[in-house]
Amino acid sequence: MEAKNISEKVEYLLSIMTLAEKIGQLNQTGTTMVSALPGIEADIDGWVSDMMEGRISQEEFSKRMELCREDLKTEQIENGGIGSFVNLYDDEKIFQVQQAAMKSRLKIPLFIGVDVIRGYRTIFPTPLAMSCSWDMDNYRRMIKIAKKEAKVCGVNWVFGPMLDIARDARWGRIVESPGEDPYLASRIAKTVVNAFQENDAYGRLLCTAKHFLAYGAVSGGQDYNTVDVSERTLYETYLPPFRAAVDAGVGSVMSAFHDLNGVPCTCSHSLLTDLLRGELHFQGFVVSDAEAVKQCVAHGVASDERDAAKMSLQAGNDIDMSSLDYSRFLPDLVDKGEVSVSSINEAVRRVLYAKFFFGIMDEPYRYDPGKISDTVLCRKHRIAAREVAEKSAVLLKNDGVLPIRDSVKHILVTGGLAEDRAALLGPWAFTGDKESVVTVTDGIRNNAPSGVTVEFCRGFDTSDSESGFEEMIKKAEKSDLVIAVVGESAFMSGEAASKVNLNLPGAQEKAMLQLAALSVPCIAVLVSGRPLTIGKLQNNPGIGAILETWHMGCESGNAMADLLFGKCNPSGKLTVTFANEAAQEPMYYNHPNTGKPGGKFKFTSKYQDAPVEPLYPFGYGLSYTAFAYSGMRVSKKKLELGDTLNCEICVRNTGLYAGEEIVQMYIRDVTASCARPVRELKRFCKIKLEPGEEKICSFALHASELGFYRQDCTYTVETGMFQIFIGPDSSKGEMLEIELCD
Ligand code: NOJ
């Protein structure tokens with residue numbers, strides 16, 4: 001439908017809507033609409049803590065959430081008082097609420113917004129894991145399946161992609177992020193937005209760029225904490241993926257929880273109106289984060305919730321996610337002349353436009369009971385989940401034990417996480433089902449060559465208990481190979497899951513050191529939401545290999561088995577730096593040089609008790625084969641401002657296996673008016689090479705991409721010397737110098 005056509009319809013609707021109906025469109029509700037359940041106070045936040053701290057089981061938590069949803073009140077929907085739902089993902093309930101909306105005077109369908117972060121029912125790897133594939137086709141494959149499943153179940157709005165650059169592994173939400181690099185994150189943003197929103201066989205699916213802005217920079221890595229970053233850093237590091245999402249036409253943006261340089265994002269006019277709409281030309285609507293409108297009171301900038309509603313709407317925050325403050329206070333605010341009807345109209349206009357544009361008006365609900373069981377978690381989707389997961393794993397260490405050799409006849413799988421379906425599924429997967437997860441033991445057992453026996457012994461888990469060590473060691477001694485699954489459970493990362501200690505939780509490190517002391521080879525399979533400080537495993541010769549698998553989702557065990565047995569060759573590369581110690585966080589590759597770059601002399605920038613280099617740098621990842629880089633060339637040694645620089649390098653597979661390599665191109669502006677990063681990623685490509693095969697990788701970079709934000713925040717290209725690097729990660733590669741001239 002054409003924009004003009006839609007606008008006419010929107011204006012017509014606006015002209016016949018009552019104020020209450022308009023405010024209803026700005027009111028998003030969810031489980032918080034339930035005040036009390038029989039015998040239990042509805043305290044969802046409290047239940048989450050109870051579950052995470054083991055006071056109630058996951059089953060009990062789900063039961064209570066289910067009861068909440070049972071209690072859905074439809075009168076408010078029928079009165080036009082609700083415009084959208086957050087995280088309603090029970091297909092039948094979605095159907096019911098849309099039916100209620102169809103009984104309302106204007107029959108405006110509801111937005112059903114859900115956190116479709118990593119698939120819908122078929123759960124794929126976490127977003128951080130996905131980013132390690134550096135593979136846009138991989139993303140498209142995942143998104144298309146998520147879109148199909150979500151749409152068939154009635155979901156018409158997804159709260160993703162999460163585009164927060166994350167440089168601090170203490171922050172639990174690093175697991176949801178696209179990593180630490182703005183260029184890679186921007187590529188991901190564009191890919192995800194296009195895949196969700198393009199008009200394909202399933203129509204369009206509205207998506208949300210979140211959380212605007214710089215949520216990843218929370219002080220101390222502590223979730224929801226204050227953020228204080230310079231304008232230059234905002235433009236250079238945190239804004240680019242949002243700019244890319246807006247350029248790709250993202251339909252909605254979610255404002256973030258925190259205060260940015262003193263002003264909560266939810267009620268920041270300079271952020272939501274001046275920057276997002278004024279400068280970035282964002283055309284869609286803004287939704288707050290959950291209950292963030294009322295949190296402006298706790299932030300200390302609104303005197304009460306009425307004030308918070310007024311400030312947020314006036315700042316440009318169109319929809320109130322679950323505070324209910326818009327529906328409670330906007331009528332009176334308009335009545336008293338404190339909020340203008342035109343500002344309400346403006347917000348409603350944006351929301352209605354999206355409802356038309358994304359097909360919700362034409363097709364109130366896509367709920368198709370007949371299709372759900374054939375579609376969700378079908379064989380085809382599971383195969384995709386397995387293959388996508390394989391591309392997300394990163395091989396961190398391998399002294400030759402992997403792929404598993406034919407001589408291995410008896411494998412011991414150990415570590416509680418190997419059997420922990422919820423952990424393998426990982427965080428942000430509540431639309432999935434842990435029963436759909438293939439455990440590590442099952443995966444290895446089902447995919448092992450015939451004649452290989454596989455035994456599981458729990459041995460240890462993420463707790464401090466060492467009671468299983470003795471049995472584990474006895475069994476390990478009788479095996480040809482030990483596969484120890486170590487890392488984090490699902491709730492150790494994600495929202496409200498920040499940590500100051502990034503070591504392997506509980507007694508896991510101790511268990512690993514005991515296993516490493518045996519003469520039997522031992523492999524560590526890491527399951528984690530974030531980079532962990534695993535230097536002791538890296539440096540211990542008794543640990544033959546470390547495979548970072550993150551949280552792979554429903555096909556975990558199968559994907560891991562394919563990687564371990566060499567059915568596929570690991571190709572992922574890190575998109576976040578691994579520090580040696582948590583105290584080094586935030587640690588990231590694209591930092592300025594300082595005046596005293598870390599070295600062997602005393603008065604240099606470093607720590608006394610940890611190496612200045614990371615444990616694993618950004619871009620790092622091994623393969624079962626080896627790649628040699630040679631013959632780097634640039635098209636020009638002197639470049640003019642309107643020119644394009646062409647660079648190329650030859651990459652050869654010098655090993656024994658076919659494999660994929662992610663070739664990375666970085667620049668460094670040697671001298672500029674502001675200190676520039678030691679390296680900045682500018683391009684990358686992924687190539688597949690058979691043993692002995694070589695390919696030329698070429699990159700084209702326009703001179704305008706050599707610029708940066710100066711102190712006054714204007715983007716400028718400065719002439720002078722630049723170093724161009726092409727290599728396998730951010731710490732290696734060949735380098736050539738070029739000069740940019742007027
Ligand atoms: C809070 C999270 O910050 C946000 O990412 C999510 O979309 C909403 N809750 C809804 O679940």
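Atoms within a ligand are numbered from 1 in the order they appear, just like the ligands themselves. Sequential numbering from 1 along the given sequence is applied to the chain's residues.
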task = Please assess Phe282 against Phe212 for the test ring-ring contact (aromatic ring centres under 6.0 Å, His included), listing each intermediate value before the final yes or no.
result = CA-CA 12 Å; Phe282 171 61; Phe212 199 64; 8.3 Å; no
key: Per-atom contacts, ligand 1 versus Lys210 - under 4.0 Å to a heavy atom   = 4 (C), 5 (O), 6 (C), 7 (O)
message = If we ignore hydrogens and angles and just use 3.5 Å, is the side chain of Lys147 paired with the main-chain N or O of Gly203 as donor and acceptor?
response = yes
task = Could you tell me whether Glu291 approaches ligand 1 through its side chain, its backbone, both or neither, with non-hydrogen atoms closer than 4.0 Å?
result = neither
query = Does Met162 come within less than 4.0 Å of ligand 1, judged by its heavy atoms?
reply = no
request  = Give a yes/no on ligand 1: does Met254 have at least one heavy atom closer than 4.0 angstrom to it?
outcome  = yes
Any N/O of [X] closer than 3.5 Å to an N/O of ligand 1?
X	result
His211	yes
Tyr215	no
Asn87	yes

ask   = Can you check whether Arg118 reaches Met130 side chain to side chain, under 4.5 Å on heavy atoms?
value = no
query = How about Lys210 and Asp115: do any of their side-chain heavy atoms sit closer than 4.5 Å?
reply = yes
task = Distance to 0.1 Å, residue and atom name: give those for the protein heavy atom nearest to atom 6 (C) of ligand 1.
result = Asp115 OD1, 3.3 Å
Atom 9 (N) of ligand 1 [closest protein heavy-atom partner, distance rounded to 0.1 Å] = Asp289 OD1, 3.3 Å
task = Just say parallel, tilted or perpendicular for the rings of Trp134 and Phe618, cut-offs at 30° and 60°.
result = tilted
query = Parallel, tilted or perpendicular for His258 and Tyr215, by the 30°/60° rule?
reply = parallel
message = As a quick check of understanding, evaluate side chain to side chain donor-acceptor pair (under 3.5 Å) for Ser84 and Trp157, giving each step before the final call.
response = CA-CA 9 Å; Ser84 55; Trp157 179 13; over 6 Å; no
